[in-house]
Enquirer: 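Have a look at this one.
Side chains are part of it too, since the values below use all heavy atoms of this structure and drop only hydrogens, waters and symmetry mates.
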Amino acid sequence: MPPCLDVYVWVPEQSPAVFGRFIDSYVNVDEPGDERLHAFTRVHVLGIADDADDNALDELRSEDGDDAFTLYLRARDHYQAMITITRDGATVLGLSVDAPDDLQETLRQAEQLVEQLRQEFSAPAGRAGVELPPAGDRCEWHEEALVLLRTGELAAP
């Protein structure tokens with residue numbers, strides 16, 4: 001399997017409307033690949049969570065009490081979709097695309113996808129890289145390792 005180019009946008013808030021639009025547009029909800037999508041939807045989109053939903057999402061958090069987590073899902077038209085709740089109250093939305101031999105062509109496609117996602121979700125910044133993990137906070141977003149493409153800027157906190 002070829003490596004994946006991961007494309008992300010930074011959304012400064014955690015909004016039920018943004019989560020719902022991303023899920024509706026990009027996630028294969030019939031076969032999400034992680035059943036915790038349903039708990040995530042009840043908690044972060046519908047606001048009707050129960051203890052079981054909260055416990056399911058707690059499984060995604062690290063054991064050190066970190067509130068950040070990423071939900072990795074099957075995408076409709078891409079290899080994978082990712083939703084990250086950051087430590088500092090923002091959201092990172094991502095899509096993975098296959099990165100075959102022509103990395104330059106894949107980067108051009110990634111740049112178009114970043115701009116599409118930035119417009120769609122009013123995201124001030126985007127980035128992409130091969131096998132690039134999602135940022136858990138603003139500091140991780142600014143790290144340069146593995147980042148091949150960066151667009152826009154984040155406002156000062």
Side-chain angles (χ1 to χ4, degrees), residues 3-29 32-34 36-47 49 53-54 56-99 106-107 109-157:
C4 285
L5 188 70
D6 298 310
V7 172
Y8 298 103
V9 294
W10 179 277
V11 180
E13 72 274 341
Q14 295 174 5
S15 160
V18 166
F19 293 138
R21 278 197 335 266
F22 183 78
I23 291 167
D24 289 346
S25 297
Y26 296 101
V27 174
N28 179 344
V29 294
D34 189 330
R36 291 173 290 201
L37 170 64
H38 305 297
F40 181 89
T41 300
R42 287 187 293 271
V43 170
H44 291 284
V45 178
L46 302 174
D53 292 331
D54 292 332
L57 296 182
D58 283 344
E59 294 172 2
L60 296 169
R61 293 181 174 90
S62 66
E63 293 180 15
D64 64 2
D66 190 350
D67 283 340
F69 69 85
T70 299
L71 189 57
Y72 294 90
L73 303 161
R74 284 193 187 109
R76 288 179 185 211
D77 300 318
H78 300 87
Y79 178 73
Q80 191 172 41
M82 291 85 64
I83 302 171
T84 300
I85 301 293
T86 71
R87 291 175 201 88
D88 38 10
T91 302
V92 174
L93 301 174
L95 295 169
S96 293
V97 295
D98 287 332
T106 305
L107 278 172
Q109 294 171 3
E111 187 171 17
Q112 291 173 348
L113 183 56
V114 165
E115 291 310 312
Q116 173 187 323
L117 292 170
R118 283 185 63 197
Q119 284 186 342
E120 188 172 349
F121 297 103
S122 300
R127 67 184 201 159
V130 176
E131 305 294 331
L132 180 66
D137 60 30
R138 187 178 289 268
C139 289
E140 288 179 11
W141 182 267
H142 290 293
E143 289 177 2
E144 291 298 323
L146 305 176
V147 176
L148 299 175
L149 169 73
R150 190 178 290 280
T151 66
E153 292 184 29
L154 297 183

Enquirer: I'd like to check Phe22 versus Glu120 (side-chain heavy atoms, cut-off strictly below 4.5 Å). Are they in contact?
Expert: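 Not touching, per the 4.5 Å side-chain cut-off.
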
Enquirer: Identify the two heavy atoms, one from Ala135 and one from Thr86, that lie closest to each other, and give their separation to 0.1 Å.
Expert: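 So the two residues come closest at O-CG2, 3.9 Å.
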
Enquirer: Could you tell me which non-hydrogen atom of Leu146 sits nearest to which non-hydrogen atom of Pro133, and how far apart they are?
Expert: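 Of all heavy-atom pairs spanning Leu146 and Pro133, the closest is CD1-CD, 4.0 Å.
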
Enquirer: Sequence neighbours excluded, which residues qualify as side chain to side chain contact (heavy atoms under 4.5 Å, CB included) partners of Asp24?
Expert: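 Partners of Asp24 under the side chain to side chain contact (heavy atoms under 4.5 Å, CB included) test: none.
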
Enquirer: Keeping the roles fixed (side chain from Arg127, backbone from Trp141), state whether a donor-acceptor pair exists under 3.5 Å.
Expert: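 Yes, the answer is positive, given that a donor and an acceptor are paired below the 3.5 Å cut-off.
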
Enquirer: Tell me whether the rings of His44 and Phe69 are parallel (<30°), tilted (30 to 60°) or perpendicular (>60°).
Expert: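 Tilted: the ring planes of His44 and Phe69 meet at 30° to 60°.
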
Enquirer: Will you find, in the side chains of Thr151 and Glu111, an N or O donor that is under 3.5 Å from an N or O acceptor?
Expert: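 No, Glu111 and Thr151 have no side-chain donor paired with an acceptor closer than 3.5 Å.
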
Enquirer: To the closest 0.5 Å, what do you measure between CG (Leu46) and NE2 (His38)?
Expert: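 One gets 12.0 Å once the value is rounded to the nearest 0.5 Å.
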
Enquirer: Can you give each donor-acceptor pair under 3.5 Å made by side-chain atoms of residues 3-13, sequence neighbours left out, with the distance rounded to 0.1 Å?
Expert:
from	atom 1	to	atom 2	distance (Å)
Asp6	OD1	Ser96	OG	2.3
Asp6	OD2	Leu132	N	2.9
Tyr8	OH	Leu132	O	2.6

Enquirer: Taking all non-hydrogen atoms of both residues into account, name the closest pair between Arg150 and Glu143 and its distance.
Expert: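 Result for this residue pair: NH2-O, 3.0 Å.
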
Enquirer: Could I get the full list of side chain to side chain donor-acceptor pair (under 3.5 Å) partners for Ser122, not counting sequence neighbours?
Expert: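 Residues passing side chain to side chain donor-acceptor pair (under 3.5 Å) with Ser122: none at all.
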
Enquirer: What class does the angle between the rings of Tyr26 and His78 fall in, given that below 30° is parallel, 30 to 60° is tilted and above 60° is perpendicular?
Expert: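 Tyr26 vs His78 ring planes: tilted.
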
Enquirer: About how many Å separate CG of Leu95 and CD of Gln80, when rounded to the nearest 0.5 Å?
Expert: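 Result: 9.5 Å between the selected atoms.
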
Enquirer: Quick one: pull up OG1 in Thr91 and CZ in Phe19 and give me the separation to the nearest 0.5 Å.
Expert: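 Atom-to-atom, Thr91:OG1 and Phe19:CZ are 3.5 Å apart.
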
Enquirer: Can you find a heavy atom in the side chain of Leu93 that is under 4.5 Å from one in the side chain of Leu117?
Expert: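 Side-chain contact under 4.5 Å: no.
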
Enquirer: Taking only residues two or more places apart in sequence, or in another chain, which ones meet Asp53 in a side chain to side chain contact (heavy atoms under 4.5 Å, CB included)?
Expert: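 Residues passing side chain to side chain contact (heavy atoms under 4.5 Å, CB included) with Asp53: Ala39, Arg42, Val43, Ala49, Asp50.
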
Enquirer: Judged by atom type as modelled, is there a donor-acceptor pair below 3.5 Å linking the side chain of Arg138 to the main-chain atoms of Ala90?
Expert: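 Between the backbone of Ala90 and the side chain of Arg138 there is no qualifying donor-acceptor contact (under 3.5 Å).
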
Enquirer: Kindly indicate whether the side chain of Leu60, heavy atoms from C-beta on, has any atom under 4.5 Å from the side chain of Phe40.
Expert: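 No, every pair of side-chain atoms sits at 4.5 Å or beyond.
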
Enquirer: Could you grab the distance from atom CG of Leu148 to atom CG of Leu107, nearest 0.5 Å is fine?
Expert: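 Answer rounded to 0.5 Å: 5.5 Å.
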
Enquirer: Could you tell me whether the side chain of Arg76 and the main chain of Val27 form a donor-acceptor pair under 3.5 Å?
Expert: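 Yes.
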
Enquirer: Say you draw a straight line from CG of Leu71 to CG of Leu37; how long is it, rounded to the nearest 0.5 Å?
Expert: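 Separation between the atoms: 6.0 Å.
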
Enquirer: Any idea which heavy atoms bring Leu149 and Ala110 closest together, and the distance?
Expert: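 So the two residues come closest at CD2-C, 4.0 Å.
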
Enquirer: Do Val18 and Arg21 have side-chain heavy atoms sitting under 4.5 Å apart?
Expert: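 Yes. Closest side-chain heavy atoms under 4.5 Å.
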
Enquirer: Please list all pairs meeting salt bridge (charged side-chain N to carboxylate O under 4.0 Å, His left out) that have one or both residues in residues 77-88, counting only residues at least two apart or in different chains.
Expert: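 Non-adjacent pairs meeting salt bridge (charged side-chain N to carboxylate O under 4.0 Å, His left out): Asp66-Arg87, Arg87-Asp137, Arg87-Glu140.
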
Enquirer: Can you sort out the partners of Gln109 under side chain to side chain contact (heavy atoms under 4.5 Å, CB included), two or more places apart, ordered by chain and number?
Expert: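 In terms of side chain to side chain contact (heavy atoms under 4.5 Å, CB included), with neighbours along the sequence ignored, Gln109 is linked to Glu105.
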
